[in-house]
Protein chains: 2
Amino acid sequence: MLPAKRRARIIELLRTEHAASLRDMAEALDSSLSTVRRDVEYLCETGLLQRTHGGALLEPTALKTLEPTPEIASAIASAEKQAIGRRAAAMIQPGQTVIFDSGTTTAAAAVSARERNVPFTAVTNDLTIGSVLSGNAAIHTTVTGGYVRPGSATLLGAGAMQTLTRLRADIAFIGTHALTQEALSDTSIELAEIKSTILRAADRVVLLADSGKFFSTSFCTFGRLVDVHLIITDNKLPPEHAAAIRALGIPLEIVESAPVGLRGVA
Amino acid sequence: MLPAKRRARIIELLRTEHAASLRDMAEALDSSLSTVRRDVEYLCETGLLQRTHGGALLEPTALKTLEPTPEIASAIASAEKQAIGRRAAAMIQPGQTVIFDSGTTTAAAAVSARERNVPFTAVTNDLTIGSVLSGNAAIHTTVTGGYVRPGSATLLGAGAMQTLTRLRADIAFIGTHALTQEALSDTSIELAEIKSTILRAADRVVLLADSGKFFSTSFCTFGRLVDVHLIITDNKLPPEHAAAIRALGIPLEIVESAPVGLRGVA
DNA sequence: AAGATGTTCCAAAAAATTCCAAAAAGAATC
DNA sequence: GATTCTTTTTGGAATTTTTTGGAACATCTT
């Protein structure tokens, strides 16, 4: 079984059981105790699980959020996204207003931001991110309204636009489905509308994109790359791509994605 | 059994029993006196329990405020709420518009509604419920905007009100923190505002309340009991309470909750 | 004073941690 | 495409830590 799948199944298991011992999990997944232990440890670091002696509980916020797809859990759990998210969260200054665009990479940023314990105001159009941020009392979280597309946690439509158009933020963390030297693009018109509104609402636009997003295009363009003030990506980006971006005069920050399994405690 | 789970069960036990001796607890949980003693000691330190000679009581504030300490949160998704939710979800007709108030019982209704696969339009001010409902493509889900109170999934404030005041729904599933023969009440003014708006927006108001909510009061009143068209509760409601409600002419439906399997104390 | 309850220890059991070698997966080479 | 080599993942053993149940003794309640 794939590690990612195993982890997703752990989440799934916890969602129905609410709590489980490592021994039960190991048996249910038909793998060894050591492996399950490592998986649980990993999921704890991403903030999805809470460890207890002998087992684990689903983190209360995750209990709420993770309903739609276990895949989201494993998506956030990617080491690259975590590293990008951590770097992004480090930029937040006390008292600032920050927009979190919908997406898994921005969700990883939200997870890190929650752990930092810095007081700030957050605005998001993502149910997952809203839940994550509400876990820290120092963060004043606002969620845009809107309708939810089945299978996603993204808020779309007039309700979402209404909130975002009336807003001025210090930073916007934005995700994208694809980007080239010219443009940012995503998969639907509604998504593009929201994202371009976010771009206009923030003084400083920070694009969070893992290296897989570079130099591909998607259906709908929502902004120009030169309008982005900083790009954060992971160290799997080929040097020639990095050079191409930097040649445009756009600051590009490359974060080291930690070797997966271990990490002291941080 | 997991230590965390054992502690959650102690709370659960105290919640229904109001007080219990260490010996009874030990027997109910099938563990030794020493262990239970240590658990109770731990829960006392966290301020959830109050020790007495030979036993323990639930701290009065904890009883009312329902603070979802991580360990306890898992115990809350009780069989009663699921049964109530199932019954509520069965009422939804294809094509209707349904408001889901924020709360754990209404969330249980959302879970059942998602499984039913009936096409309808849902509106909610709860991030959890939004996530749950978005899992079924037949359901058109709208989430109100608003800010999120830390530690909860509830959307509050002007953003939420805006959506709800402009709405007409066929059914509203509403939760409450407490209810008497006269009034429904909850813990904060903002919550009360939202709930009373929901009451006005729906043709048919269905109150989902587990038996523990009856005949107690909370800080803020948000509506009269006679304005409710149907109450769904569980079979632990004392008959005299049920009679008192029915005497007001309010339909009261009592659902059977599956036996949990942890009753060991008279 | 007597019975029950609380304390303070201790040894057994369960779980966590740390390590290591085998297996699997990827990358690079021919 | 097969092959080596490297890296990652996995399962397990030895060791340390935590938890558990109980025994001996102190203390409270009646």
Side-chain angles (χ1 to χ4, degrees), chain A residues 1-11 13-14 17 19-46 49-57 73-75 77-83 210-212 234-240 256-266, chain B residues 1-11 13-14 17 19-46 49-57 70-71 74 262 264-266:
Chain A
M1 185 183 312
L2 249 53
K5 177 146 196 166
R6 207 178 43 230
R7 289 177 195 135
R9 286 202 52 194
I10 289 178
I11 301 276
L13 198 82
L14 268 301
E17 296 295 323
S21 72
L22 291 190
R23 218 141 35 84
D24 289 347
M25 291 188 232
E27 190 172 338
L29 302 181
D30 197 38
S31 43
S32 82
L33 224 76
S34 299
T35 304
V36 171
R37 202 185 296 283
R38 268 182 291 245
D39 283 339
V40 166
E41 184 186 337
Y42 186 62
L43 291 169
C44 275
E45 274 174 45
T46 70
L49 259 53
Q50 199 176 51
R51 199 66 217 283
T52 76
H53 199 89
L57 308 159
S74 43
S78 121
E80 286 81 24
K81 294 187 189 213
Q82 269 183 265
D210 60 79
S211 53
D234 61 79
N235 59 3
K236 286 188 182 145
L237 185 71
E240 64 270 25
E256 298 292 320
S257 62
V260 196
L262 36 123
R263 273 276 25 116
V265 174
Chain B
M1 179 178 328
L2 249 49
K5 189 154 193 162
R6 207 179 42 230
R7 291 180 193 131
R9 280 200 170 180
I10 289 178
I11 300 279
L13 199 78
L14 269 300
E17 220 62 37
S21 73
L22 290 192
R23 210 146 36 83
D24 289 345
M25 290 189 231
E27 191 176 337
L29 302 179
D30 197 37
S31 44
S32 82
L33 255 166
S34 299
T35 304
V36 171
R37 201 185 296 283
R38 268 182 291 245
D39 283 339
V40 166
E41 188 183 334
Y42 169 83
L43 290 169
C44 276
E45 274 171 35
T46 67
L49 259 54
Q50 206 167 43
R51 199 63 216 282
T52 71
H53 202 89
L57 312 151
E71 295 182 351
S74 59
L262 72 116
V265 191

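Everything numeric here is computed off the predicted structure, so don't read it as measured data. Order of the sequence lines sets the chain letters (A, B, ...), proteins ahead of strands, with each chain counted from 1.
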Enquirer: Polar pairs (N or O, both sides) under 3.5 Å between protein and nucleotides 10-13 of chain D?
Expert:
unit_1: D:dT10; atom_1: OP1; unit_2: A:Arg6; atom_2: NH1; d: 2.7
unit_1: D:dT10; atom_1: OP1; unit_2: A:Arg6; atom_2: NH2; d: 3.2
unit_1: D:dT10; atom_1: OP2; unit_2: A:Arg6; atom_2: NH2; d: 3.2
unit_1: D:dG11; atom_1: OP2; unit_2: A:Ser32; atom_2: N; d: 3.3
unit_1: D:dG11; atom_1: OP2; unit_2: A:Ser32; atom_2: OG; d: 3.2
unit_1: D:dG11; atom_1: OP2; unit_2: A:Thr35; atom_2: OG1; d: 2.3
unit_1: D:dG11; atom_1: N7; unit_2: A:Arg38; atom_2: NH2; d: 2.9
unit_1: D:dG12; atom_1: N7; unit_2: A:Ser34; atom_2: OG; d: 2.7

Enquirer: Rounded to the nearest 0.5 Å, how far apart are OG1 of A:Thr35 and CG of A:Leu29?
Expert: 10.0 Å
Enquirer: Nearest whole angstrom, please: distance from the P of C:dA16 to the CD of A:Glu41.
Expert: 11 Å
Enquirer: Is the backbone of B:Arg7 close enough, under 3.5 Å, to the side chain of B:Asp39 for a donor and an acceptor to pair up by distance?
Expert: no
Enquirer: Output the distance between atom CG (A:Leu33) and atom CZ (A:Arg23), rounded to the nearest 0.5 Å.
Expert: 8.0 Å
Enquirer: Is B:Ser21 touching bases, backbone alone, or none of the nucleic acid, heavy atoms closer than 4.0 Å?
Expert: nothing
Enquirer: Calculate, to the nearest 0.5 Å, the distance between atoms CG and CG belonging to A:Asp24 and B:Leu2 respectively.
Expert: 8.5 Å
Enquirer: How close do A:Ala28 and A:Arg9 get, counting heavy atoms only, and between which atoms?
Expert: O-NH2, 4.1 Å
Enquirer: Less than 4.5 Å apart, side chain to side chain, heavy atoms only: is that true for B:Lys5 and A:Thr52?
Expert: no
Enquirer: Considering all heavy atoms of both residues, which atom of B:Arg6 and which atom of B:Ser31 are nearest to each other, and what is their separation?
Expert: CD-OG, 3.6 Å
Enquirer: Pull out every protein N or O sitting under 3.5 Å from an N or O of nucleotides 27-30 of chain D, one pair per line with the distance.
Expert:
none

Enquirer: Counting the atoms with a prime plus P, OP1 and OP2 as sugar-phosphate, which does B:Arg23 contact under 4.0 Å by heavy atoms, base, sugar-phosphate, or nothing?
Expert: sugar-phosphate
Enquirer: As an exercise, state the distance from CG of B:Leu14 to CG of B:Leu49, rounded to the nearest 0.5 Å.
Expert: 5.0 Å
Enquirer: For the atom pair CE (B:Met1) and OG (A:Ser21), what is the distance rounded to the nearest 0.5 Å?
Expert: 11.5 Å
Enquirer: Whole angstroms only, please: what is the CZ-P distance between A:Arg51 and C:dA15?
Expert: 11 Å
Enquirer: At what angle, to 10 degrees, do the two end axes of the helix from C:dA1-D:dT30 to C:dC30-D:dG1 meet, given five pairs define each axis?
Expert: 40°
Enquirer: Can you confirm whether B:Arg51 sits close enough to B:Leu22 that some side-chain heavy atom of one is under 4.5 Å from a side-chain heavy atom of the other?
Expert: yes
